[in-house]
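A short worksheet on the structure shown next.
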Amino acid sequence: MIQLNDLFNQPVKVINVGIPSFADDLKKQGVPVIHVEWRPPAGGNKKIAALLERIEHSQEVFHTSKG
Amino acid sequence: MVNNVNIELANKEAIKLIQAAQPIIKGVGVARDVVPGMRENMILHAGPPITWDRMSGPMRGAVIGGIIYQGLAKDQASAEKLAASRDIVFAPWHEHSGVGPMAGVATANMPVWIIENKTHGNRTYCTLNEGLGKVLRFGAFSPEVIDRLRWMQDILGPVIAAALELRGEINLKSLIAQALQMGDEVHNRNRAGTSLFFREIAPAIVDTKFRDADKKKVLEFITSNDHFFLNLSMPAAKAMLQAAEWIKGSTIVTTMSRNGTDFGIRVAGLQERWFTGPAQMVKGLLFPGYSDADCNPDLGDSAITETAGLGAFSMAAAPAIVRFVGGSASQAYEITNRMYEITEAESESFQIPALDFRGSPTGINLLKVCERDILPQINTGIAHCRAGIGQVGAGLVNPPFACFEAALEAFAETYAPVFQ
């Protein structure tokens with residue numbers, strides 16, 4: 001198992017998830033970085049997420065009732 | 001039972017109808033005779049319903065011009081008085097099977113394109129494009145604007161109508177597909193589309209029995225205006241989307257439009273209901289001498305092109321457009337790629353060469369917009385905020401999220417009710 005100190009003694013390779021500016025900052029410092037586009041469902045908006053869940057649930061009920 | 005609907009199947013049906021639609025140019029008629037529900041005292045406008053007191057500067061300017069052109073008032077003061085009275089009926093073009101660019105004002109005497117979806121038989125309508133500079137659609141109403149509208153009524157409309165009778169119908173879907181291969185996205189870049197249309201119609205115009213001077217002026221008018229094709233791509237897009245109205249349970253967006261004050265959307269499964277939010281400011285390139293303070297909020301029915309997967313949704317097909325609306329060519333590719341995330345299908349007809357001929361992103365899905373928190377992208381002209389000045393630039397804009405939130409709420413109430 002790699003010790004924490006060993007990790008920081010190696011070249012850093014980064015996978016950045018979400019906010020692109022974090023990846024941009026690392027790129028400017030010459031750090032290899034892969035950026036993954038990700039945002040929370042419904043942009044983190046609880047009301048929208050609840051409405052989407054309600055619609056999804058009604059579809060599950062519909063499909064179940066149809067067998 | 002209220003929620004007895006399969007959303008996935010409903011959307012597949014809506015997409016199938018949109019893909020199968022075949023818009024053609026059927027002819028040119030007079031709005032009074034051909035637009036459903038058109039009346040002498042009616043003014044059709046872009047966007048969702050709006051009253052005179054809430055209209056923006058360019059919309060008011062276009063209404064004043066429309067009233068003067070129609071002969072309902074002689075000058076600005078009496079036109080304003082009439083517009084504020086109950087004697088004028090305002091109605092959205094979209095509620096009369098049509099679309100109008102920018103202010104989109106149309107009155108009973110105006111010549112209009114008659115577009116027919118040959119597959120399903122539905123018809124849509126749009127006025128003929130006036131060109132650039134001082135024009136009614138940007139709120140100008142000076143004598144030169146009214147004179148041009150009268151020439152369009154007396155000469156341009158009848159000449160093209162006669163040419164189409166000689167030439168026969170023109171397949172618009174094919175012209176749009178070709179225009180995309182030639183660097184247009186048929187919203188803010190219509191150079192190829194206009195040229196292709198010109199090739200189709202010019203010989204027939206020459207064969208009409210009008211005076212040579214009139215025919216020459218008509219040919220010059222078409223070929224000197226790169227946006228002439230916009231008033232054909234818009235009703236073509238409307239004809240395709242109208243085919244999906246109003247598929248029960250479908251979450252496909254069939255309308256996005258703006259009246260300069262409000263942005264409105266309509267969704268296939270929610271029928272004629274409008275869901276609105278404030279029209280946003282457009283970010284882009286302004287003509288010399290203008291600043292942000294001169295700009296009106298987002299305006300026009302032309303976002304029907306984006307709703308059909310054209311316009312900004314197909315910007316990767318038209319990288320040169322960034323010289324007009326701002327941004328970079330790589331941004332144009334990014335925009336198109338992002339729009340695939342909120343759409344249900346790829347067009348079987350409209351292909352984007354730079355993306356290995358991938359079909360354009362088609363069928364905005366309300367659920368995907370809300371779940372992925374990605375708003376549709378629109379490119380558009382910018383009108384001056386005061387009546388009578390005209391276009392001040394072009395740029396990029398999004399709808400307000402409020403439209404989609406309200407539509408999602410209505411969809412849940414309709415199809416996923418909570419029983420107490």
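In what follows, every chain begins at residue 1, and chains take the letters A, B, ... in the order their sequences are listed.
- For CD1 of A:I19, the number of neighbouring non-hydrogen atoms (other residues, nucleotides, ligands) closer than 6.0 Å is 12 at most.
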- request: Evaluate the side chain to side chain contact (heavy atoms under 4.5 Å, CB included) criterion for residues A:F62 and B:V5: first the C-alpha distance (whole Å), next the side-chain angles of each, then the deciding distance (0.1 Å), finally the verdict.
  value: CA-CA 7 Å; A:F62 171 74; B:V5 67; 5.8 Å; no
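- For the atom pair SG (B:C370) and CG (A:L51), the distance works out to 8.0 Å, reported to the nearest 0.5 Å.
- Contact annotation for A:R39: only side-chain heavy atoms (C-beta onward) come within less than 4.5 Å of a heavy atom of chain B.
- A donor-acceptor pair under 3.5 Å is absent between the side-chain atoms of B:E371 and the main chain of A:G43, judged by distance alone.
- Against chain A, the residues from residues 400-410 of chain B that qualify, each with a non-hydrogen atom under 4.5 angstrom away, are B:F401, B:E405, B:L408, B:E409 in number order.
- The line from CZ of B:R338 to CD of A:E37 is 9.0 Å long, rounded to the nearest 0.5 Å.
- Residues satisfying the side chain to side chain donor-acceptor pair (under 3.5 Å) criterion with B:R358, sequence neighbours excluded, are B:E346.
- Note that the CD atom of A:Q59 and the CG atom of B:L367 stand 9.0 Å from one another [nearest 0.5 Å].
- Heavy atoms from other residues, nucleotides or ligands lying under 6.0 Å from NZ of B:K283 number 12 at most.
- Crowding of B:N337 atom CG: a count of heavy atoms from other residues, nucleotides or ligands under 6.0 Å exceeding 12.
- Counting non-hydrogen atoms of other residues, nucleotides and ligands closer than 6.0 Å to CD of B:Q271 gives a total above 12.
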